[in-house]
*Asks:* 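Quick one: the structure is below, questions incoming.
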Amino acid sequence: MTELCVPGAMEVVRDVAVEDDGELAAFFSQHFKGLCQVAYLLVGNASVAEEVVMDAFASTVARWDTVRRADNPLAYVRRAVVNMSCSRVRRFVAERRAYHRVHARYAEPAWDGGVSETFRAAVDAVAALPPRQRATVVLRCFADLPEAEIAAVLGCSVGTVKSQLSKARARLAAVLLDRPEEDHHG
């Protein structure tokens, strides 16, 4: 079995009253860590990312018979993770605005000495993107999804994905390469 991010997570899946001959547990074990990584890149906090993925799996458990028969069950769960991550970020931003003195900035991950300043700057720049742009960048550059699949995950058109990626690239270039953002319309 793959080591999971959340202690006891596999037990939660095993205890679910779903007769699936271990199919759900295997699916969970196979995809949990990767989905946690995607969620982390979207929300910027490991424990929140794990909660988001557990919530996504919890919603999947209730519909497992339908989900497992879908053309791409992982795409279904990935979409739930992205949507829940974006909701968490929106809620966090709203709370931060309301309590700006208490919540001055996102919690920063504990970086080990082996992480380069360049990598840290890139992660920080991605974290500063608006939620939709952040989601497109994470799904394209980290999860290596094609634009059509990103569109399906985000529930938008391929054109919107391309537009969001273009805007995100301009913002990232401005921050990381110290260049002014180019005006990207469309």
Side-chain angles (χ1 to χ4, degrees), residues 2-7 9 30-57 74-75 77-147 149-156 160-182 184:
T2 305
E3 181 176 292
L4 300 175
C5 302
V6 177
Q30 181 180 0
H31 299 292
F32 186 77
K33 187 173 182 177
L35 290 168
C36 281
Q37 291 169 337
V38 168
Y40 172 77
L41 291 168
L42 292 170
V43 301
N45 180 290
S47 61
V48 172
E50 291 171 349
E51 289 174 19
V52 165
V53 174
M54 286 300 296
D55 289 346
F57 271 107
L74 178 57
V77 178
R78 186 183 290 123
R79 182 176 186 164
V81 166
V82 169
N83 289 341
M84 290 177 180
S85 294
C86 290
S87 292
R88 288 282 184 110
V89 169
R90 279 191 299 274
R91 187 173 37 225
F92 179 77
V93 169
E95 288 173 0
R96 187 175 72 171
R97 285 183 184 142
Y99 302 103
H100 63 90
R101 289 187 181 136
V102 176
H103 302 286
R105 64 180 266 148
Y106 288 96
E108 292 186 27
W111 296 98
D112 68 22
V115 175
S116 73
E117 289 300 317
T118 303
F119 180 78
R120 181 189 300 215
V123 170
D124 290 345
V126 170
L129 292 171
R132 182 73 103 178
Q133 289 178 20
R134 184 179 325 123
T136 59
V137 167
V138 167
L139 292 173
R140 182 70 183 119
C141 299
F142 176 77
D144 200 29
L145 297 182
E147 290 166 344
E149 194 167 339
I150 295 168
V153 168
L154 298 178
C156 64
T160 298
V161 169
K162 289 179 180 182
S163 172
Q164 293 296 305
L165 282 171
S166 177
K167 290 174 185 177
R169 286 179 181 129
R171 284 178 182 238
L172 292 172
V175 170
L176 297 173
L177 303 176
D178 199 25
R179 290 193 278 186
E181 286 185 55
E182 295 177 15
H184 289 274

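Numbers here are sequence positions counted from 1.
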*Asks:* Quick one, Val89 and Ser85 - any side-chain contact, counting heavy atoms below 4.5 Å?
*Replies:* no
*Asks:* Looking only at heavy atoms, which two atoms of Leu176 and Ala125 are closest? And how far apart?
*Replies:* CD2-CB, 3.9 Å
*Asks:* If every non-hydrogen atom of Leu145 is compared with every non-hydrogen atom of Arg140, which pair is closest and at what distance?
*Replies:* O-NH1, 3.0 Å
*Asks:* State, without any angle test, whether Arg90 and Ser87 hold a side-chain donor-acceptor pair at a distance under 3.5 Å.
*Replies:* yes
*Asks:* Would you confirm whether Arg171, through its side chain, and Ala128, through its main-chain N or O, come within 3.5 Å as a donor-acceptor pair?
*Replies:* no
*Asks:* Quick one: CD on Glu149 to CG on Asp144, what's the gap to the nearest 0.5 Å?
*Replies:* 10.0 Å
*Asks:* Taking side chain as C-beta onward, heavy atoms only, is Leu154 less than 4.5 Å from Thr160?
*Replies:* no
*Asks:* Heavy atoms, side chains only, cut-off 4.5 Å: are Leu42 and Val82 in contact?
*Replies:* yes
*Asks:* Between Val153 and Ala75, what is the shortest heavy-atom contact and its length?
*Replies:* CG2-O, 4.5 Å
*Asks:* Got a second to check how far Cys36's SG is from Glu51's CD, nearest 0.5 Å?
*Replies:* 10.5 Å
*Asks:* Is a side-chain N or O of Arg79 found less than 3.5 angstrom from the main chain of Ala152, in a donor-acceptor match?
*Replies:* yes
*Asks:* I want to check something: taking the side chain as every heavy atom from C-beta on, are Tyr40 and Glu50 in contact at a cut-off of under 4.5 Å?
*Replies:* no
*Asks:* Provide the closest heavy-atom pair for Ala127 versus Arg134 in the form atom of the first, atom of the second, distance.
*Replies:* O-NH2, 3.1 Å
*Asks:* Leu35 versus Phe57: any side-chain heavy-atom pair under 4.5 Å?
*Replies:* yes
*Asks:* Any side-chain heavy atom of Arg78 sitting closer than 4.5 Å to one from Leu139?
*Replies:* yes
*Asks:* Report yes if some heavy atom in the side chain of Arg88 is under 4.5 Å from a heavy atom in the side chain of Asp55; otherwise report no.
*Replies:* yes
*Asks:* If you compare all heavy atoms of Val81 against all heavy atoms of Val52, which two are closest, and at what distance to 0.1 Å?
*Replies:* O-CG1, 3.6 Å
*Asks:* When rounded to the nearest 0.5 angstrom, what is the spacing between CD in Gln164 and CD in Glu147?
*Replies:* 12.0 Å
